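Let me begin by presenting the structure, written as structure tokens, before commenting on it.
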Amino acid sequence: MGVSYGYRPLKFLEVETGLSVGLQPSEDTCNRFGCYDPNDRYFWIPLGVRVVSPPLAGRVELSIGGGGLLQHYSVSDPYSPYSVSSESGFGGYFVAGAALALDHRHRFWVGATPRVMLANPEFRRYRWFTITGDFSFRF
């Protein structure tokens with residue numbers, strides 16, 4: 001789940017940022033002494049730019065872009081027997097998108113946005129691929 005904000009300083013160039021959250025992405029870790037649920041979550045904060053096409057057929061917009069990424073991994077139980085702990089790292093992301101205008105004034109849009117996120121906390125390399133369904137209001 002997440003929220004995003006885009007601002008267009010030029011007609012076909014958008015500066016974007018947002019916050020996406022991955023809730024409980026890790027499985028329980030088990031051994032002969034029992035199981036441990038880390039009660040974890042990932043937070044991703046992207047900051048970048050997109051190039052946006054003129055509306056195709058008057059209603060469809062395509063975009064592509066990328067930028068920097070801050071990733072934070074948070075664990076609610078810091079007393080893990082498995083050495084699981086919170087961490088942060090920087091990286092980058094790439095994004096593409098397609099959106100369809102729902103009205104003739106181009107105020108309401110639905111779309112889909114696939115993202116590739118690359119984060120590099122200390123001694124680790126994370127690679128994420130997400131696809132989101134989007135609903136937007138433009139003014």
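Everything quoted here is computed from the prediction, not taken from an experiment.
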Apart from Leu62 itself, residues in the same hydrophobic cluster as defined by side-chain heavy atoms under 4.5 Å: Leu56, Val60, Leu100, Leu102, Phe108, Val110, Phe135, Phe137, Phe139
If you define the side chain from C-beta out and look only at heavy atoms, does anything of Leu23 sit under 4.5 Å from Met1? yes
So do the side chains of Gln24 and Asn39 get within less than 4.5 Å of each other, counting heavy atoms only? yes
Gln71 versus Trp128, side-chain donor and acceptor atoms under 3.5 Å: yes
Is it the case that atom CZ in Phe43 sees more than 12 heavy atoms from other parts of the structure closer than 6.0 Å? yes
Hey, are Asp134 and Thr132 close enough side-chain-wise for a donor-acceptor pair under 3.5 Å? yes
Going hydrophobic residue to hydrophobic residue with side-chain gaps under 4.5 angstrom, can you get from Ile131 over to Val3? no
Looking at every heavy atom in both Gly22 and Trp44, which two are closest together, and how far apart are they? N-CZ3, 3.7 Å
Do Arg124 and Tyr73 come within less than 4.5 Å of each other through their side chains, counting heavy atoms only? no
For atom CZ of Phe90, decide whether the heavy atoms of other residues, nucleotides or ligands shown that lie under 6.0 angstrom number more than 12. no
Output for pair (Ile45 CD1, Tyr93 OH), nearest 0.5 Å, gives 12.0 Å
I need the minimum non-hydrogen distance between Phe12 and Pro54, along with the two atoms involved. CE2-CA, 3.5 Å
Do Thr17 and Tyr7 have side chains that approach each other closer than 4.5 Å (heavy atoms only, starting at C-beta)? no
Measure across Ala101 and Arg59 and return the closest heavy-atom pair with its distance rounded to 0.1 Å. O-NH2, 2.6 Å
Considering the options Val51, Val95, Val52, which one meets the side-chain contact (heavy atoms from CB on, under 4.5 Å) requirement together with Ser63? Val52
Do Arg50 and Thr113 touch side chain to side chain, with heavy atoms closer than 4.5 Å? yes
Please say yes or no: joined through hydrophobic side-chain contacts below 4.5 Å, possibly via intermediate residues, are Leu47 and Tyr5 part of one cluster? no
Count the heavy atoms of every other residue, nucleotide or ligand shown that sit under 6.0 Å from CZ of Arg105, and state whether that count exceeds 12. no
Residue pair Ser86 / Ser74: nearest heavy atoms and the distance that separates them: OG-CA, 3.5 Å
On a heavy-atom basis, which atom in Tyr42 and which in Pro25 lie closest, and how many Å separate them? CD1-CG, 3.4 Å
Electrostatic pair Glu61-Arg8, nearest N-O below 4.0 angstrom: yes
So which atom in Pro121 and which in Tyr126 form the shortest heavy-atom distance, rounded to 0.1 Å? CG-CE1, 3.4 Å
So Asn120 and Arg127, do their side chains get closer than 4.5 Å, heavy atoms only? yes
